[in-house]
Participant: 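The structure's right below; bear with me while I get my questions together.
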Amino acid sequence: MLEGLPPHAPTHVLRIETDEASARRLTDLLGEVFDPAETAVAAFEIEPEDPKEGNATAQPWLLEAYFSREPNEGAIRDLLRLIVGEKADTAVFDAVAAKDWVKASLDGLKPVRAGRFLVHGGHDREVVKTNDIALEIEAALAFGTGHHGTTLGCLMALKDVLKQRRPRHVLDVGTGTGILGIAAAKALKARVVAGDIDPIAVEVARRNARLNAAAGHLDLYVAPGVRHALAARPERFDLVFANILARPLRRLAPSIAAVLAPGGLLVLSGLLPSDVPGVLSAYAAQGLRLMQKSQRDGWATLRLRKGGAAARKITRTQAKARPWL
């Protein structure tokens, strides 16, 4: 499955059935053309009703694109024709009923553990152990539940960071439900700054902070990237999270690097493996070096350090084993 993160309030959806190669190309094309904050694209194989049917021929794929506002159907069909030709006429556009997408996606999900961090819903409070750092997420119309590979990757990165140091100043860019900022605040017992471009997400994060007894340790703001006094302050951060998507992460590289203290750590996620080289290049230009890369559920998480030592030379065999370098 190829997936993007859903926009906060999708109003329309496009669906088209095609072959795998075309679905992958359309995913890349639509992902580049539209703002990832307002559009999400997903493509997945259609499972046959009869398992025996899947053995004979390649199964078709379904591409879905969600939009936060009504799209220009004619213009989008023209884009589809570049890859699927006349099949673009079979694309279906539908309005989407208002729905709490994240809450719906949590139905039936079990608690998720990342070291001492345990992400759970209100119905699973009894599974929390004495030594756990419990994160109860009342998700609603904001991304970040701990069940997605990107959020879990960031929590695992935080777990690893805490084994080595105790950051004093933490920033969470694109906080969503606030889960990463709350996790850092509870683990460090320190104030954490967290912001999001979406005021709904910030209100969700505020509620979650209260729910987790972390409201007094989370300073929230509504603004794109780090364009707020809480983030762009003279006292820079020694740990920054940015769990967004590849294109905005590349665009934000100079401003995020500017608020990161020398020697500070940056955790990036929301990346497909194919996104990693371009994102690393953008941040290397700002003086950051890769310290660690992990991958979960098809999503990559990067840990970088500002002012780290230059990358050492490696052999061709090592390079093949580490394709993200």
Side-chain angles (χ1 to χ4, degrees), residues 1-48 54 57-96 101-102 105 143-144 147-153 174 176 242-252 268-282 293 295-302 323-324:
M1 179 176 177
L2 309 172
E3 65 175 336
L5 312 185
H8 295 304
T11 63
H12 292 76
V13 61
L14 150 73
R15 294 185 177 91
I16 184 170
E17 188 176 313
T18 184
D19 58 89
E20 178 181 359
S22 296
R24 291 179 179 275
R25 292 174 63 193
L26 286 173
T27 299
D28 292 338
L29 176 62
L30 296 177
E32 285 298 320
V33 169
F34 294 99
D35 185 343
E38 298 184 352
T39 306
V41 186
F44 47 90
E45 187 176 18
I46 301 173
E47 295 293 336
T57 59
Q59 294 303 306
W61 279 52
L62 178 67
L63 179 134
E64 295 182 333
Y66 288 88
F67 304 90
S68 62
R69 64 185 67 181
E70 186 173 2
N72 184 326
E73 294 187 18
I76 293 176
R77 288 188 196 277
D78 288 341
L79 283 174
L80 300 181
R81 286 190 184 91
L82 296 175
I83 293 176
V84 299
E86 294 181 359
K87 197 176 184 68
D89 295 331
T90 66
V92 176
F93 291 82
D94 284 322
V96 177
W101 290 93
V102 176
S105 72
F143 174 75
H147 295 84
H148 196 278
T150 59
T151 310
L152 180 57
N243 180 15
I244 316 177
L245 285 174
R247 188 164 58 172
L249 282 178
R250 292 196 302 268
R251 187 169 62 244
L252 289 169
L268 302 177
S269 197
L271 307 170
L272 296 173
S274 59
D275 298 325
V276 171
V279 170
L280 283 180
S281 178
K293 172 182 176 290
Q295 189 169 316
R296 285 174 178 81
D297 301 328
W299 294 90
T301 300
L302 310 178
W324 58 87

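Count residues from 1 along the sequence.
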Participant: Whether the side chain of S281 engages the backbone of P277 through a donor-acceptor N/O pair (distance < 3.5 Å, no angle test) should be reported.
Facilitator: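 Judged by distance alone, no pair lies under 3.5 Å.
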
Participant: With the side chain counted from C-beta on, respond yes when D94 and H12 share a heavy-atom pair under 4.5 Å apart, and no when they do not.
Facilitator: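 No, their side chains stay 4.5 Å or more apart.
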
Participant: Just verifying a value: how many Å separate D275 CG and S269 OG, rounded to the nearest 0.5 Å?
Facilitator: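 It is 10.5 Å, given to the nearest 0.5 Å.
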
Participant: So I16 and V92, do their side chains get closer than 4.5 Å, heavy atoms only?
Facilitator: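 No. Closest side-chain heavy atoms not under 4.5 Å.
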
Participant: Should W61 and R24 count as side-chain neighbours, where that means a heavy-atom distance under 4.5 Å?
Facilitator: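 Sidechains of R24 and W61: in contact.
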
Participant: Below 4.5 Å, heavy atoms only, C-beta onward: do L268 and T301 meet side chain to side chain?
Facilitator: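 No; the side chains remain at least 4.5 Å from each other.
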
Participant: Hey, are the side chains of L26 and V84 touching, using non-hydrogen atoms and a 4.5 Å cut-off?
Facilitator: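 With C-beta onward as the side chain, the pair touches.
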
Participant: Does some side-chain heavy atom of L63 sit less than 4.5 Å from a side-chain heavy atom of R15?
Facilitator: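 Not in contact.
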
Participant: Can you tell which of V41, L30, T39 makes a side-chain contact (heavy atoms from CB on, under 4.5 Å) with L14?
Facilitator: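 Among V41, L30, T39, the one that satisfies the side-chain contact (heavy atoms from CB on, under 4.5 Å) with L14 is L30.
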
Participant: When rounded to the nearest 0.5 angstrom, what distance separates CG in L252 from CZ in R247?
Facilitator: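 So the CG of L252 and the CZ of R247 are separated by 12.0 Å.
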
Participant: Rounded to the nearest 0.5 Å, how far apart are CG of L29 and OG of S22?
Facilitator: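 One gets 11.5 Å once the value is rounded to the nearest 0.5 Å.
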
Participant: If you measure from CH2 on W299 to CG on L245, what distance do you get to the nearest 0.5 Å?
Facilitator: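 Here the rounded value is 6.0 Å.
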
Participant: Does T90 reach the main-chain N or O of K87 with its side chain, forming a donor-acceptor pair under 3.5 Å?
Facilitator: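 Yes; judged by distance alone, with no hydrogens or angles, the pair exists.
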
Participant: Using every non-hydrogen atom in the two residues, find where N243 and G270 come nearest and quote the distance to one decimal.
Facilitator: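 Answer, listing the atom of N243 first, then G270: OD1-N, 3.3 Å.
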
Participant: How far apart are the C-alpha atoms of R25 and D28, what are their side-chain angles, what is the distance that settles it, and do they pass the salt bridge (Lys or Arg N to Asp or Glu O under 4.0 Å) test?
Facilitator: CA-CA 5 Å; R25 292 174 63 193; D28 292 338; over 6 Å; no

Participant: In plain terms, say whether R77 and D89 are close enough for a salt bridge, that is, a side-chain N and a carboxylate O under 4.0 Å apart.
Facilitator: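 No.
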
